[in-house]
Structures are given as C-alpha cells and as structure tokens.
Amino acid sequence: MRNLEEVTSDHLGAQVLADLRAAGIERGGPLALTLRAGIGLGLAAAGFEQAIATVDPASVVRTVEAALRPRWVTWSNDTAKALIADGVRVATCWDIAAVHRLLFGGWRADPARVVAGLHGLASSSIPAMGQMNLLDIAGDDGADADDPVRPDGHLRPEWVAGGWAADVTRLGRWASAAFATFEQQRDRLARSDTAARAAATARSESAVELLCAELEADGLPIDIAVAEATITASVGPRTTSESSAEAARAERDAAVLRHLPASNDIDLRNPAHVKSLLNRAGVDVPDTRAWRLEPFRAAHPVVDALLTWRKAERIATTYGYSWLDEHVGRDGRLRGAWSGSDGAAGRMTAQAGLHNLPADMRVAVVAEPGYVFVRADLGQIEPRVLAAISYDRQFAAATQEDDMYAPVAARLGVDRPVAKIAVLAAMYGQTSGAAGQALRGLEAAYPVAMGYLRDADESGRAGRDLRTYGGRLIRMWPTPDHLDDREQRAVANGRGRYGRNAVVQGAAAELFKSWAVTVRARTIEHGARVVLCLHDELLVHAPAESAAVVAAVLDDCLQEAAWRWAPDRSVRFVADTSIVERWSDAKA
DNA sequence: TTGACCACGTA
DNA sequence: CGTACGTGGTCAAC
C-alpha cells in the first residue's frame, strides 16, 4: 500500500530522470544541485537547466542518485546537510567551497568570494547588500536581474543573501551559476603545474565535505552515565543552584589557598594573581603554565595543589556538566560542527571538544550495544609523507621498516630518540634543544628531503606562497611596516617555520583525508560509519559481527588512498588498527 | 559587547 | 626561537 504522495514523488523522480537522460547527462557525471526544503530544487549541467517544484526535493535527489550516481556540484555542504536531514546521503560531489580553499588558500569560501577569485576580482570589491542593491532587483544597471551574475563578473548581492532561494526558477539559475563555477574551477585545476594530483585532491576534499556533514549529523557515541561519573570524580556532583555551585568552587579553591596564609584575596583564575601567589611561595616563573610549574612540584606544596586544581577546573569549565548538557544529545551522541579544512595547511577541525577531548574522558566514548569501534591511526605519518613528497629515495627506503626511526638512527650513528628528535626538529623548524648535531647528520644522509624542507623554509621567509603536494595554496603574510631589524627577522623566521611545517602537515592531511573518504565509501556496505577523524586517527562505529572485515578494509583503504595520493610505491604507510568497545581501550 | 591575552586540551 | 586547532577564563577598551 503506497500513499499518494509517494506515488507522485516517484513519478516526478522518473520524469526528472528521463529529462536528464534526454539531456545526455551520463552516470557519474557532474550535475549541479541547489535545493530549498518545501519549495523545490534546481539542476544544471552543460547546456541544461531545470527548476523543479516539489515539497520533497530530497526524494528527487534520492531517485537520481540511485539511477545516475552523479558527481553533485554544490556551492557548499549546506546542501548535503539539508539532504541528510531528509534522510538522503549521496556518494560523491564537487564541493565548490572546498575546491576554492584548495585553489586560493584561506578558509572563507562563500559564493561571492569564490566567483570573485575565479574572475581575478579583489574580494574587497565584492558588492555588499544595501539600499542600492535592493534597487538592483529591478535591474537598474540595465542588465537582467534574473541573472545571478552581474556584468562586472560579481554575483548579485541580493542573490547571495538568500534571493537564490526566493522561488523555484531562481533555484535553477543558481544551479547554472554553480555549474559554470565548477567548470571554471576544473579548468583552473587542469592548468595547474600538478594538474592530475590537484584534480584528485579536489575530488577527495569534496568527499570530505560530505563526510563532515555526516559526522555532524551522526555524532560520536558517548555513554552518558560514564561521562557523568568521570566528571563527578573530578569536580563533585552536579550542583542544583547558583549558590551551591559557588560553594563548590570556593571549596576547590580552598584546597589550594590553605597552603598559604592570608591568601583569601587571591583569584586562582587570574594568572597575575597566581604568579604573585607563587612568588610568595618562593617560586619565581615568567608565566604560570603547567609545564613550567612541573619542576617546582616538590618545591612547595601549593604548586602541586595548584596543578591538581587546574586539571579539575578544566573539567569543571570546559568538559563538565554544561558541556555534556549542551553537546551530548539524549541519544548519547556528542555532536559538533566539522570543517573539512582549516585556514592554514588544510587539516580537519571540529567543535564541541571533539578534537581536544581530554584523555580521561575517552572512557566515556563507548560503542552502542551490538557495535564496536574499529580504531586505526597512521604510524609516523609526517616523516613518511616527507619521504613521498620530496622523492628522497634514501628516506623512502627507511619507510619500509615499521619503525622508520630505527634505520635513520643506524645511518646517522645515533640513538633512536636522538634520530627522532632530529627528524621532528627538521620538519617543525625547532632550533632550540639538543638536535643540532643530529640535524647536520640528517642533512648529509637525506639531502633531498632536507632540501625540500629548506626550500619551504626559504619561501616562507621571503613571503612567497607555497603549495602542498596535493595542490593546496599556503598563503604567506606580509611583514608589517615599522618593525626594527630584530622584529623583521622574527616575522621571517616565523614564516619559515610555518612554511616548513605546512608542506608536511598539509600533505599528511591530504593523505589522511583521502584515507578517511575511502573508508567512508568502502565500509557503508558493512553497516559501519566513520564517527571521528583526528588528524591521523580514525574511529569507525561498526556492527560487532563485521568488526574483523571492517578492520581489514581500513588497511586496504590506506593502501588504496596512498596509491591514489602518491602513485610512487617506494614509500610505505602503516596503520595500527584495533577493535575496541571503548576508545580508551585502544591507546597502548 | 568585543578583542587581547593566558592557559590547556588534542594531533 | 615547533605548528595547528577550539574552548573558557580575566581584563581592558569600547
């Protein structure tokens, strides 16, 4: 028995499919999509534009996805978020915002900025929505106001500000504008120095945007009772009133303050107060950071009490009951906004504490009944990535070992810890510490890899933009005016370290994301879902009976992603994979 | 109310 | 004088 609405939407879907086929839209081909819930959707491709009025645009998308599996061209993953809310998930896309970030660097990638960038127009010249623009709707510039693009190449601000969804016709025009933008991005990528890699990165980064929308919707499984107990153990039970919360705070503070006489007026939350408190205890430090206080734990009991207080205070303020109430749903899922790429080297970011959950809280990350986590992290990812992107054959040979620092240490004639510190120092631009001698050894043993880092360092110093291996633009910033020589050198040094680090960290992010989206695609059929991405670590929520298969798929996916990312097989990538019921059981 | 700084969690 | 991120605290300038 089917209700009438289902029949009509099926019929509509079939009609749209027929139109798409008549227009020559091929399976897997690019197809621009805009939609507004309850109103309809717009579709566009080369020489094709259609506006479809329907209260249920997602079901049309579902039909087209099943039959054609297009590469959906969208302005951003807002479209995917809307589809997910209506129960529709698509396999692939071309995310215009993600590709813009790849091509132009930075984070902001709204349609106006994207179109301006492709036309070589300064973002400062983007027209703002104002009185004049309201008049523009009437087309006072003599052009067709139903065209989202102005004669000067900018998008019309009233379209950008929401006018694109004003009616169904406009959804079609907006889809056409998206398709034209896609074509320009595609052409620009094809003209880049590393066209094949950049195009692959664009596809991977686009899929990451779909993954982000799904991560945001699905959330990370949390055992709320365990989380409550963890918080209680640190800061005591939930307070029921403002006054009892204040009393609990005062009690925690007193445990520190009682170590010093007459210190009632000291505010532990004020670093300046803490500094004078420590001074009175005979501890003289330039700042009060934990790592700086650590050596003084034995010097005075107040130091130990303060460090313990800080840890509890962190839980109370950032990861306490309010965090639990605000970000963990009644269904036991921790949800936060995800971004596929930060504004710098291109790593993923997440809000709501998903990326900086204290280790103590990981006991509360528990798989649902009948499920497990398949957890995997990439081993020594950054030096392995450096070997790949620099084409250093000697360094690549070291990656054949499970522990690549061992052969490096042997070659340098130093202990493993020294070799490790030297490699990290080279990649991160560290100048202090005991890495000096070993660094010179690295230069001699791996001149190609070290030269790659030096080039990035010099570009940064000079203020020249860089590109990662996968083609992401890393933008440098100018040296401010009116700095003395020393300050100018400090800025240049900072850019050098940044460039040196960004080419490695950014390339590692590209490989990781390629892995993550491959896992996303390959594990769906096993009923598994990626629930956390943490720079080099993946957490996949999988049915218990599929755990072994999913674990094997994760390893296969790494090889597939590595091959797709860097077809040179001389660099070996390794993952440490485990099957656990709670996240805290995974780390050795 | 906003932005700077500190501090600290993660990789 | 390793980089990157998000969060919450205080303080000073609005």
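Note that the coordinates shown come from a computational prediction; the quantities given were computed from them, not determined experimentally. Every heavy atom of this structure was used, including side-chain atoms; hydrogens, water molecules and symmetry mates were not. Throughout, protein chains are lettered first and strands after them, A, B, ... in sequence-line order, and every chain is numbered starting at 1.
- Remark: Arg375(A) fails to qualify as a cation-pi partner of Trp583(A) under the 6.0 Å distance and 45° angle criteria applied to the six-membered ring.
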*Show your reasoning for whether side chain to side chain donor-acceptor pair (under 3.5 Å) applies to Thr201(A) and Tyr469(A).*
CA-CA 10 Å; Thr201(A) 310; Tyr469(A) 180 77; over 6 Å; no
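- The nucleotide whose nearest atom lies closest to any side-chain atom of Tyr498(A) is, among dT3(C), dG9(C), dG2(C), dT3(C).
- For Phe573(A) and Trp515(A), the ring centers are positioned 6.0 Å apart or more.
- Arg314(A) comes within contact range of at least one nucleobase, with a heavy-atom separation under 4.0 Å.
- The residue Ala502(A) sits apart from the nucleic acid: no heavy atom pair falls under 4.0 Å.
- Within the 4.0 Å cut-off from OP1 or OP2 of dA7(B), at least one side-chain nitrogen or oxygen of Thr288(A) is found.
- Of the candidate nucleotides dT3(C), dC6(B), dG9(C), dT3(C) has the atom nearest to the side chain of Arg497(A).
- Arg495(A) and Ser459(A) are not linked by any side-chain donor-acceptor pair at a separation below 3.5 angstrom, with hydrogens and angles left out of the test.
- Per the geometry, CD belonging to Glu537(A) stands 12 Å off P belonging to dT10(B), to the nearest Å.
- Following rounding to the nearest Å, Gln505(A) (CD) and dC5(C) (P) show an atom-to-atom distance of 8 Å.
- Taking side-chain N and O atoms only, Arg347(A) has no distance below 4.0 Å to OP1 or OP2 of dC5(C).
- Spacing between atom CG of Leu424(A) and atom C1' of dA11(B) amounts to 13 Å, rounded to whole angstrom units.
- For the P atom pair drawn from dC1(C) and dC5(B), the interatomic distance equals 13 Å after rounding to whole Å.
- We find that CZ of Arg310(A) is positioned 10 Å from P of dG9(B), with the value rounded to whole Å.
- Within the nucleic acid shown, Ala272(A) has no heavy atom closer than 4.0 Å to any nucleic acid atom.
- Between dG9(B), dC5(C), dT3(C), one nucleotide has an atom nearer to the side chain of Thr349(A) than all others, and that is dC5(C).
- Under 4.0 angstrom from either OP1 or OP2 of dA7(B) there lies at least one side-chain N or O belonging to Arg289(A).
- Counting non-hydrogen atoms under 4.0 angstrom, Ala490(A) reaches nothing in the nucleic acid.
- Between His541(A) and Tyr371(A), the two ring planes are parallel [angle under 30°; tilted spans 30° to 60°].
- Whole-Å rounding puts the Ile266(A) CD1 to dT10(C) P distance at 16 Å.
- Distance Leu532(A) CG to dC5(C) C1': 14 Å, rounded to the nearest Å.
- In this entry the distance linking NE2 of His327(A) with P of dG8(C) reads 6 Å, nearest Å.
- Ranked by how close their nearest DNA chain C nucleotide is to the 5' end, Ala352(A) and Gly494(A) are led by Gly494(A).
- Looking at heavy-atom distances under 4.0 Å, Ala345(A) makes no contact with the nucleic acid at all.
- Aromatic ring orientation, His535(A) versus His355(A): tilted (interplanar angle from 30° to 60°).
- At whole-Å resolution of the value, CG in Asn270(A) and C1' in dC6(B) are 10 Å apart.
- Considering only the side chain of Arg362(A), dA11(B) comes nearest among dA11(B), dG2(C), dA7(B).
- Look at Arg500(A) and you won't find any side-chain N or O under 4.0 angstrom from OP1 or OP2 of dT3(C).
- Residue Asn356(A) places no side-chain N or O under 4.0 Å from the OP1 or OP2 atom of dC5(C).
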